[in-house]
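Remarks on the structure that follows.
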There are 2 protein chains.
Amino acid sequence: MTKTLTSVAALFVLAGAAGAQTLPSWNDSASRDAIISFVDAVTEEGGQNFVPEADRIAVFDNDGTLWTEQPVYFQAIYALDQVKARGAEDPSLLTSDVLKAAAAGDLETVLASGMDGVLEVINFSHSNVTVADFKASAHDWMTSATHPQSGMAYAEMTYQPMVELLEYLREEGFATYIVSGGGIDFIRAISQDAYGIPPQQVVGSEGTTHYEVIDGTPTLMKDGGLSFNDDKDGKPVGIERFIGKRPIFAAGNSDGDFQMLEWTSAGEGPSLGMLVHHTDDTREYAYDREGHIGVLNMGLDEAEARGWVIVDMAQDWSAIWTGQD
Amino acid sequence: MTKTLTSVAALFVLAGAAGAQTLPSWNDSASRDAIISFVDAVTEEGGQNFVPEADRIAVFDNDGTLWTEQPVYFQAIYALDQVKARGAEDPSLLTSDVLKAAAAGDLETVLASGMDGVLEVINFSHSNVTVADFKASAHDWMTSATHPQSGMAYAEMTYQPMVELLEYLREEGFATYIVSGGGIDFIRAISQDAYGIPPQQVVGSEGTTHYEVIDGTPTLMKDGGLSFNDDKDGKPVGIERFIGKRPIFAAGNSDGDFQMLEWTSAGEGPSLGMLVHHTDDTREYAYDREGHIGVLNMGLDEAEARGWVIVDMAQDWSAIWTGQD
């Protein structure tokens, strides 16, 4: 009788473990082991590396870390699509060569026009619009427009293993934040649906916004521009401003994330830095030291010395996008 | 037997109610009733005014709403005290007339020097310092320096009824935020201890901060200045930037909070706007339409039409400061 009960109990334990496998889309790998060991250590009550829940702050870059960033940042494609769509309705809106190039989908000319030209294109859809209308437009685009290569909706191109990692950390008492060079309102338009991350846990680059009562209605209007660049050394600044605490976990994929990992790793207690390495030319893209997006040099050079985990997408992940079957 | 049981049960209900009295330092008043009615309505599952927990955002001004702001904002007294203390150690630091006036405690001359002069005094203690050192200094000052009139430590001069209100709202599933014209780092130095509000739920005015690796140590340095003024129409902007959602509860005490209440009240669902009216010249201070701090005109003129609750400190509160016996 005792034996039978024990067997049944063992069966339940096995079933429970299988039903709630940790990080199921991660292959058995050094990176998966490092994540789980770290989480086990900081959540072990009474352990020497225990971190109270209030201090379990995890920060994630977005483009290239939580979702795809090729052939170019999705937000840039959104901006071009808006210029194209509205320009087709009313060509008089295309008041400059750079806007005409954007409407024609000529990204090369837009990029060659420098920061002023890029901001002119971004401002076309990111200014003179209420924050609410902008978020609705961005959400609609991300869930309906399709990626030129995968054919999937952009919102489906989040990485399944990273979504699992976010959920796993939250189950273990972490607060998960996005800290992105992308626009804060653009990401907030999808962060809850795509990642389970509410707007107050999204830090990003910002234009200015102003408050105005229009025809009796209190309104927040986007003014455009770039008043805060949440990239490189802007990331620790954005983290301090929005969170006011140093994270213990940071994940990125490019040199734009270097300072965020550096700042996180310099804390007194335990910490984990992680870099997603785009090595999968078959299922996603392969790129690192060269290119126009997501260049990764400092991270590859210094990860080992700094104890950061490099995630090899081709080797470590059994699935890529959440939207795939 | 049945009767006895019923009586015992009734006794327990009474005891339970007395043991967990809602807002114990609030007198039976229209303002207390309005708060409790609102909370009951938005937390009633299935009720027509039910609001899910994720959207129960409550925002509070700090100076004059959560703690005293007389004879002048505590942060200004901190700034003067720092100039005085460091100037006594090294008079060569007092490089201008306005700094000399600050060191002498001559606030009038400092204020008469205009925004440039005020910023010079504030920057003396709020720049060229790491964020961590600044917070430590501010925390030390708030818990050890004493108020010129009450003789209490500044951190003890939080309002007991408001601390109870914060706790009550959190128990009812609200997230409580501070949205203050005061400096964000100054408030974060004490917000958890004083109000149970973690740093990521404090929005305030900001100078710039930069990231720098100094002698191998990653460091966040305060640069001073005023890059964001979280007052008046800046408050809805700060709320959107940090929270990304419209609050359903907003409490202030001055015209600097008008737009925050206006924005909150313009939401589609239920909302409550509240103004603390300083009417108690005996236990605290009495002021509203005139003065140099916390001027309240628009709120008094428009509260009734807008359905905002005016809290009469003298009438509605049975206790004032948390630090009092």
In this structure, CG of A:Asp185 is separated from CZ of B:Arg241 (nearest 0.5 Å) by 10.5 Å
Separation between CD (A:Gln200) and CD (B:Gln200), nearest 0.5 Å, reads 10.0 Å
Among residues 251-270 of chain B, residues within the sub-4.5 Å heavy-atom range of chain A, in order of number, are B:Gln259, B:Glu262, B:Trp263, B:Ala266
Next item on the list: Using a heavy-atom cutoff of under 4.5 Å, enumerate the residues of residues 220-235 of chain B that contact chain A, numbered in order, or state 'none'.
Entry: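 So far as heavy atoms go, B:Leu220, B:Asp233 are the residues that approach chain A to under 4.5 Å.
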| message | The criterion is salt bridge (Lys or Arg N to Asp or Glu O under 4.0 Å); which residues satisfy it with A:Glu240, sequence neighbours excluded? | response |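 With neighbours one apart ignored, the set is B:Lys135.
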### Exercise: identify the closest heavy-atom pair between B:Gly244 and A:Arg188
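Where B:Gly244 meets A:Arg188 most closely, the heavy atoms are CA-NH1, 3.5 Å.
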- Query: When only heavy atoms count and the cut-off is under 4.5 Å, which of residues 205-213 of chain A reach chain B?
  - Reply: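 A:Glu206, A:Thr209, A:His210, A:Tyr211, A:Val213, listed by number.
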Legend entry - Contacting region of A:Val237 [heavy-atom separation from chain B under 4.5 Å]: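 Contact with chain B is through both the backbone and side chain of A:Val237.
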